[in-house]
Amino acid sequence: MEVIDLSHTIHDKIQIYPGDPLPSIKRGLTHEKDYCHVDVLTLGSHTGTHIDAPFHFLEGGKKIDEIPVRKFVGNGVLVDVSGKSDRELIEPDDVEPYRTKINTGDFVIFKTGRDKFFGTSKYYLHPYMSAECARLLLNMGVILVGIDAMNIDPTYQKVTDLEAPVKDLPDENEYGYPVHDILLGNDILIVENLSNLDEISQIKGIYSFLPLKLKGSDGSPIRAVFMGT
Ligand SMILES: [Zn+2]
C-alpha cells in the first residue's frame with residue numbers, strides 16, 4: 001500500500017492563521033537531567049495541518065471528542081483547482097467534472113497547489129470556496145472537505161510585500177466565513193493546511209485525518225495521510 005504524508009511539520013516558527021496563538025515545543029524533561037526526554041507542547045487547536053469541528057464556528061456545535069472516529073477516515077475524491085489565481089473563487093463548475101465520482105459519505109479534497117508557498121506572505125492569497133460550491137457539496141452528501149490552503153474561506157490578512165497587485169480582500173464583517181457556516185452548520189468537517197497533494201496520482205483513495213481526542217475542543221492538529229493502491 002502507498003502511504004503519503006499530507007501534513008506540515010509543526011515547529012515554533014510555523015506559519016499560523018493571523019491572530020492565532022503561537023505554538024511552542026519546549027524541553028520538559030531531558031536526558032541530561034532526567035530518566036528520559038519529555039517535551040512540553042503549547043499549540044493552538046488550528047496549528048499546521050488541522051481539522052475543524054462544528055464547535056469552531058457554532059456555539060452549540062459538536063466538539064472534536066464527540067465526533068465518531070469513523071468520520072475521520074474514508075474515501076476521498078481529489079479535485080484539482082491548481083489553475084486558480086490569487087484569491088479566485090472555487091465554484092460549483094470546478095466540482096462538476098468530478099460529480100459522478102463523488103458518492104454520499106465521501107470526502108472531497110481540493111488541490112490548490114498553494115502548499116508550496118507555506119511560510120510566506122503569498123500563502124495568504126489562496127483561492128477560496130464560494131457559498132454555492134459549499135451548498136453543492138452539502139447536497140451531494142459529502143461529509144468532509146479538505147484544502148491545501150490556510151483557509152477554505154478567505155484569509156483576512158493584508159499582504160503588502162508582493163510585487164504584483166492582488167485582488168482586494170472582501171470586508172470580513174460583511175463577507176464573514178460563509179463556507180465554514182454552511183459546512184460546519186451541517187456537521188461537515190473541514191481540513192485545512194494540507195500539503196503534498198501533488199504526490200497523489202489517483203483521483204480516488206482513502207484519507208485519514210485523525211485528530212487528538214481533546215475534550216471540549218473545536219479542532220485539532222492532525223497527521224493527515226493518503227492511502228492508495
Ligand atoms: Zn477552518
Side-chain angles (χ1 to χ4, degrees), residues 6-8 10 14-23 43-67 71-72 74 76 79 81 84 87-90 95 107-115 117-119 123-138 142-157 169-195 197 207-214 216-224:
L6 306 178
S7 281
H8 288 290
I10 295 176
I14 191 173
Q15 187 174 28
I16 51 171
Y17 192 87
D20 268 17
L22 287 168
L43 298 174
S45 47
H46 299 257
T47 304
T49 308
H50 68 274
I51 192 160
D52 294 1
F55 181 56
H56 184 40
F57 269 75
L58 292 110
E59 228 178 312
K62 281 201 184 80
K63 294 162 181 158
I64 201 70
D65 59 315
E66 297 169 346
I67 301 165
K71 299 263 186 175
F72 304 121
V79 173
V81 290
K84 297 269 171 196
R87 289 186 182 144
E88 191 179 341
L89 279 170
I90 299 167
V95 176
F107 300 171
V108 177
I109 311 302
F110 290 85
K111 179 172 80 175
T112 67
R114 297 291 168 133
D115 57 324
F117 301 120
F118 191 67
Y123 193 61
Y124 300 126
L125 305 177
H126 57 83
Y128 55 94
M129 186 173 289
S130 72
E132 292 70 33
C133 190
R135 272 186 223 106
L136 172 69
L137 296 168
L138 165 67
V142 166
I143 66 160
L144 180 150
V145 179
I147 192 162
D148 57 350
M150 180 157 260
N151 196 347
I152 199 140
D153 280 304
T155 297
Y156 294 103
Q157 172 77 8
L169 269 170
D171 185 290
E172 185 175 10
N173 296 322
E174 218 174 90
Y175 188 87
Y177 299 84
V179 176
H180 278 79
D181 291 340
I182 293 165
L183 299 182
L184 298 179
N186 288 281
D187 281 344
I188 299 172
L189 302 171
I190 300 172
V191 170
E192 289 158 326
N193 283 338
L194 284 166
S195 72
L197 294 178
Y207 290 81
S208 173
F209 301 124
L210 290 164
L212 296 177
K213 200 171 182 179
L214 302 167
S217 189
D218 66 298
S220 169
I222 56 170
R223 186 64 179 264

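Whatever order the structure lists them in is the order used to number ligands and atoms, beginning at 1. All figures in this text were calculated on a predicted structure; none of them were measured in a lab.
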- Of the N, O or S atoms in D52, the one nearest the Zn ion (ligand 1): OD2

- Criterion ring pair (Phe, Tyr, Trp, His ring centres under 6.0 Å) against Y156, the qualifying member of Y128, Y17, Y177: Y177

- Does some side-chain heavy atom of F118 sit less than 4.5 Å from a side-chain heavy atom of I14? yes

- Atom name in E192, limited to N/O/S, at shortest distance from the Zn ion (ligand 1): OE1

- About how many Å separate CG of L189 and CD1 of I67, when rounded to the nearest 0.5 Å? 5.0 Å

- Query: Rounded to the nearest 0.5 Å, what separation is found between the CE atom of M150 and the CD atom of Q15?
  - Reply: 4.5 Å

- Query: Has H180 got an N, O or S atom lying less than 2.8 Å from the Zn ion (ligand 1)?
  - Reply: yes

- With a cut-off of 2.8 Å, does D153 place any N/O/S atom under that distance from the Zn ion (ligand 1)? no

